[in-house]
2 protein chains.
Amino acid sequence: MTNRRKSRTKFAILGFLASKPRSGYDLKKAIEKSIGFFWSESYGQIYPILSQLVKEGHAIKLPIDETSGRKRQQYAITDAGIEELKDWIEKAAEPQTYRNELLLKIFFGHQADPDASRKHLEEFKTQQKELNETFKGFQSTLPDMKDQPLNHYVYLQATINYGILMTEASLKWANDTLRMINRAKS
Amino acid sequence: MTNRRKSRTKFAILGFLASKPRSGYDLKKAIEKSIGFFWSESYGQIYPILSQLVKEGHAIKLPIDETSGRKRQQYAITDAGIEELKDWIEKAAEPQTYRNELLLKIFFGHQADPDASRKHLEEFKTQQKELNETFKGFQSTLPDMKDQPLNHYVYLQATINYGILMTEASLKWANDTLRMINRAKS
DNA sequence: AGCACCATGTAAGTGGTTACATGATTCC
DNA sequence: GGAATCATGTAACCACTTACATGGTGCT
């Protein structure tokens, strides 16, 4: 037992609890909205792991606010939880097995009609264009950062920038590839 | 049961069997060597699925060559298998849940020492540089393609090109992000 | 002889999604 | 009243990795 797989769901949750207390439902929404383009979690992971965090002492259940309409079980991070989160952030990211189904279809593209590849690439382009616009919209809402001390916004900006650069490179690739396929056909 | 998950391992295997008969061992090596940067399979998937392909009539076991030293069970694709592969290639790729641990750590970077983020980014840069050089080396071994009919090389070139563009965009991002972190600290 | 690697498989376990169950609340 | 959504949870299932078992082959 040297290199067992490890779930990072726990740290995604701790990271969000670090900014403020949240319920399982809140966590799901927050993850979708802010880091949905590079991370996702399902309720089937979130709720059991929240219980586990409480057992481990990395989070606590807050008393339910009976005055408000909707009743939600909020969780707050503990000092031990913050330590746990920090330790994880500072450790190197473990190599991940990335899988790209579109690329696999393109790699085997010569086995089928080139129109299939063309269609996939066109669809991919519209997806990436939309994503790119979303990121740019996001970015424009961020406050101006020069002369600001090191803070949350730098890292937020960095992740958005990743999305912008990757979608742009993807678009360039899709266009290049379409051109190559068309040239080869003629 | 509307949207059940589907394994694509089957199609990765069929795709490789389409070019020539191979054994489970061969398949593992071929996948690692050629599409390892965007796809991976383990023996624990490959061997059971090869049996399944035979049962389904998408592949057949070839007689073992007793004359050669190493004894390997080779598998060949059938006509039905080729059809199955084509059908999959032509269908749109299903949306995948992509997870990026480095980005998650950067997103939560403000919770820890900025040196941690710097270290991750520097390590990421060396990884991406190495990958980029590998792809460029690969590319230089491909034959010249102008005036060539539509063939396998176009698609091979496309996947390599994807690697080149993505690693270059990644390097730009890492440099931009490092600059942003450094500027924020001063 | 002994080691590295070739080669095929399987059992156990993990991380994760999906589908379902349940009930409350808000809004029309 | 009824639909949509809020909200929490769980059971079943799936895809996949890891670790292990087993034996053959090639090389020094």
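To find a chain, count down the sequence lines: A is the first, B the second, and so on, and within it residues start at 1.
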Figure out the NZ/P separation between B:Lys28 and D:dT17, and round it to whole Å.
-> 9 Å

For nucleotides 9-12 of chain C, list the nitrogen or oxygen atoms of the protein found under 3.5 Å from its nitrogen or oxygen atoms, one pair per line.
none

State whether A:Glu41 and A:Arg8 are salt-bridged, where the test is any N-O pair (Lys NZ or Arg NE/NH1/NH2 against Asp/Glu carboxylate O) under 4.0 Å.
-> no

Could you state the atom-to-atom distance from CD1 of A:Ile13 to P of D:dT8 in whole Å?
-> 12 Å

Are any of A:Ser7's side-chain N or O atoms less than 4.0 Å away from OP1 or OP2 of C:dG16?
-> yes

For the ring pair B:Phe16 and A:Phe108, is the centre-to-centre distance below 6.0 Å?
-> yes

May I ask you to say what A:Ser42 touches in the nucleic acid, namely base, sugar-phosphate or nothing, with a heavy-atom cut-off under 4.0 Å?
-> base

B:Phe124 side chain reached by B:His120 side chain, heavy atoms, under 4.5 Å = no

Given the options A:Ile77, A:Thr78, A:Leu53, A:Ile60 meets side chain to side chain contact (heavy atoms under 4.5 Å, CB included) only with A:Thr78

If we ignore angles and hydrogens, is there a donor and acceptor under 3.5 Å between the side chains of A:Gln139 and A:Gln157?
-> yes

Measure from CD on A:Glu41 to P on C:dT17 and round the result to the nearest Å.
-> 6 Å

Grab the CD-P distance between A:Gln52 and C:dT14 for me, whole Å please.
-> 12 Å

Just to confirm, is there a sub-4.0 Å distance from OP1 or OP2 of D:dC6 to any side-chain nitrogen or oxygen of A:Tyr25?
-> yes

B:Thr9 vs D:dC16: side-chain N/O to OP1/OP2 distance below 4.0 Å = yes

To the nearest Å, give me how far apart CD (A:Glu94) and C1' (D:dT18) are.
-> 14 Å

Parallel, tilted or perpendicular: ring planes of B:Trp88 versus B:Phe11, cut at 30 and 60 degrees | parallel

Between B:Ile46 (CD1) and D:dT18 (P), how many Å, whole number?
-> 13 Å

Pairwise 5' ranking along DNA chain D for A:Ser23 and A:Thr97, keeping only the more 5' one | A:Ser23

Measure from CG on B:Leu27 to P on C:dC6 and round the result to the nearest Å.
-> 15 Å

Given C:dG15, is OP1 or OP2 found less than 4.0 Å from the side-chain N or O atoms of A:Arg5?
-> no

Cationic tip of B:Lys28 within the cone over B:Tyr43's six-membered ring, i.e. under 6.0 Å and within 45° of the normal?
-> yes

Rounded off to whole Å, could you give me the CD1-to-P distance for the B:Ile49 and D:dT17 pair?
-> 10 Å

Ring-ring centroid check A:Tyr98 B:Phe37, cutoff 6.0 Å | no

Scan nucleotides 22-28 of chain D nucleotide by nucleotide, 5' to 3', and note B when protein non-hydrogen atoms come under 4.0 Å of the base, S if they reach only the sugar-phosphate, - if neither.
-> --BBS--

Can the positive tip of B:Lys105 be found less than 6.0 Å from the middle of the six-membered ring of B:Phe107, inside 45° of the ring normal?
-> no

Test salt bridge (charged side-chain N to carboxylate O under 4.0 Å, His left out) on A:Asp115 and A:Arg118 and set out the steps.
-> CA-CA 5 Å; A:Asp115 281 339; A:Arg118 279 198 197 88; 2.6 Å; yes

Specify the residue among A:Trp39 and B:Asp26 whose closest nucleotide of DNA chain C lies further upstream toward the 5′ end.
-> B:Asp26

